[in-house]
Amino acid sequence: MSFSLMGSAPQFPRCCAASAGTLTRREHHRRTDMIGSTLANAISPKPSIIGFQTPNEENKPEDNADRADENLSQLRKGLLQYHDLEEGDGRENGSKIRKRTGETPYDDSRNSRFHREPAATTCGARGHGVLAVAAGMDIVEPTTPLPLRRWRCWPRHIRRPRAAFSVCARQASLSCCMLSVQRGKNVPMAKSDIEIAREAVLRPIDEIGERLGIPKSALVSYGRDKAKVAADFIDRLADRPDGKLILVTAMTPTPAGEGKTTTTVGLGDGLNRIGRNTAICLREPSLGPCFGMKGGAAGGGYAQVVPMEDINLHFTGDMHAIGAAHNLLSAMTDNHIYWGNGLELDARRVTWRRVVDMNDRALRDIAVSLGGVANGFPRQTGYDITVASEIMAILCLSSDRADLQRRLGQIIVGGRRDQSPVTAADLKADGAMTVLLKDALQPNLVQTLEGNPAFVHGGPFANIAHGCNSVVATRAALKLADYVVTEAGFGADLGAEKFFDIKCRKAGFAPDAVVLVATVRALKMHGGIARNALGEEDVAAVERGFANLGRHLDNLAKFGVPAVVAINRFTADTDAEIAAVQRRAGERGAGAHVCIHWAEGGAGTESLAQAVAALADSGDAAFAPIYPDGLPLWEKIETVAREIYRADGAEAPTRVRDQLARFEADGFGHVPVCMAKTQYSFSSDPALRGAPEDYDIPVREVRLAAGAEFVVAVCGDIMTMPGLPRVPAAEAIGIDDNGEVIGLF
């Protein structure tokens, strides 16, 4: 259905859930998470736009007019148009609106699901969009939305135009809306992540287990489509040979996005498509980012793990179990001090904080035990987000239940006045904590959209921890599948290095191949191009930005694991830009394969899958960590700084060097180091993109994770309790009349 904007008030589509006029913010969030705003007063030669209005500053008509001129220019070019308000933009008055040309991952014009004619469009994701409408053009009813998972269009009160407008609120639960503006032409639209996931026909989890040889008796079902794999069954797999282990990592992240998780899922589907028995291993999403700004972490488009809502929300309760075990230790620590403090724990030296799986900046720094003698001894402490808990890292590095309890007992909660440590075992908390985690230690089995097995288990921070899924899940997958595709958080300088130097070292894994994910957009940003100019072809910027990707390729070679590049293609990527990436990668001895899994699932990664399988089967891998266990801790830090970050070296104050010496004296000199720095640069400065040189890595403090058995070297400010953005995603999340979740993406 379409209607003309010329003349009198329009005839609104039948799918509209509201008549002409504005919806209140409360009504909007209650009714739908997909709203397309259409104007009825676009009768001038210029397009009219509906702007954002913040509570403390109204939109100025002249600003709208300026944006209208630019929107009309983009309309004529046939580019996507959207407005974006990000965390950090306009924090003082909430009025700074950033406009840029948007893109979607690659859509094949031969595929009707993704065919897109030149059109002016808007993202109405999780709120009221910004729509540019040219005079005399028709508005096509949005039949299906375009997945805009990485885009951010924040809800705002709408400034009502002179004439009436309608809000089209489809009853289907969709994460975003795309309107096509053309002269009466119905343009097929792609579907949102959540709609794609809901349309999938999921196989019973017993069938997924059967594909891997897991009997029904070894599955602890959580409904029809997810289950845990029993620990005793995994123990019986010990004598089986391992399959091939493939790591998916990425170039240094940028706001343009790289798509590491989506590529992991797409590659797993692609390998199964070409006849290779493959399982994938991912981390579990945290509730904090889901309700904040980042959203979920189950892939996107036609490369997802499902059931998407369950995985992104409570799932099988692992996060809650970790939070409960962590906070039990906190309670027992304060309780011990209250009842006489027989261990002589110095309340000023208690380092064990509390956790909650939510972004809550108000809890970063708090005082506890206020209100009198009955409430204990007041002290200053705080909360971290659950995925930053050392218990999360311990769960993901433990090999079995006995190893889990041993590691839990080693957790240091604080020190005495002589600085000797007090542990969870000293408090006799390790047994009860293990009980709370006994089910959480068992890996979760789900499936991809194409019905292939996926283990989604554990979710340690990729900064102060190692950022990989659990050892138990990876080991089980290696025993049950011929190929296992897993990922590590952030870029290869952090995620891959920790995967190799911490997880593989401790678990005894030997990776067979690495996939390095890149996008033309990210390469151009590393080549000095601003984010709002990424839609224009710039081969020279791609060439400059390849310095970043090339350094990652060189670093991966130092671990003795062969690598291939996956180019996650977007619509604006040109053939010349793609060719430049492939040529430069070839010069480094790595093939570069274009991937369109976002749009086509496993079919979009067949070329990559063939190359990865050949690489893994070649036997060329000769994995070795970048430093030996016996190297002193400071030399381990300097090795990573020089060999991976390409810094001149590391620098630290005397107190840091002395602390490392104490760790070594206490018997922890053999553990690996976990470097905690910004993910946006090889250096500790997030503004230094590309491949910076001639700098030092500053280490401002070191922390011992005695249970996880690594030392954290903090290189800059580390946020272990994120905050919510000005308009959190939670505002648009709800349940529709059919009882289905809406607003989740």
Verify the distance criterion only: is there a donor paired with an acceptor across the side chains of Asn568 and Thr519 at less than 3.5 Å?
-> no
Tested for side chain to side chain contact (heavy atoms under 4.5 Å, CB included) against Asp242, the lone hit among Asp482, Leu478, Asp512 is Leu478
His597-Thr262 side chain donor-acceptor pair, cut-off 3.5 Å = no
For Ile246 and Val514, what are the C-alpha separation, side-chain angles and deciding distance, and is it a side-chain contact (heavy atoms from CB on, under 4.5 Å)?
-> CA-CA 6 Å; Ile246 300 156; Val514 179; over 6 Å; no
Heavy-atom side-chain proximity of Phe623 to Leu245 below 4.5 angstrom | no
Any idea which heavy atoms bring Cys396 and Gly459 closest together, and the distance?
-> SG-N, 3.9 Å
Could you pull out the closest heavy-atom pair between Ala488 and Lys260, with the gap in Å?
-> O-CE, 2.7 Å
On a heavy-atom basis, the closest approach of Leu397 and Asp403 is O-OD2, 4.0 Å
Arg406 bridged to Glu709 by N-O distance under 4.0 Å = yes
Lys/Arg N to Asp/Glu carboxylate O, Lys228 vs Asp318, below 4.0 Å | yes
Flag the pair Asp617 and Arg276 as a salt bridge only when some basic side-chain nitrogen lies within less than 4.0 angstrom of an acidic carboxylate oxygen.
-> yes
Would you check if the side chain of Lys498 reaches a backbone N or O of Asn463 as a donor-acceptor pair within less than 3.5 Å?
-> yes
Quick one: do the Asn277 and Arg211 side chains pair a donor with an acceptor below 3.5 Å?
-> no
Could you check if a side-chain atom of Cys281 sits within less than 4.5 angstrom of a side-chain atom of Val484, using non-hydrogen atoms only?
-> yes
Under 3.5 Å: donor-acceptor pair, side chain of Arg224, backbone of Leu202 | yes
Is Lys479 reaching over with its side chain to a backbone N or O of Arg240, donor-acceptor style, under 3.5 angstrom?
-> yes
Chi angles and distances behind the side chain to side chain donor-acceptor pair (under 3.5 Å) call for Asn444, Glu284 = CA-CA 9 Å; Asn444 307 302; Glu284 297 179 51; 3.3 Å; yes
Indicate whether any N or O donor in one side chain lies under 3.5 Å from an N or O acceptor in the other, for Asn469 and Thr474.
-> yes
CD (Glu210) with more than 12 external heavy atoms under 6.0 Å | no
Salt bridge check: are Arg273 and Glu450 linked by an N-O gap of less than 4.0 Å?
-> no
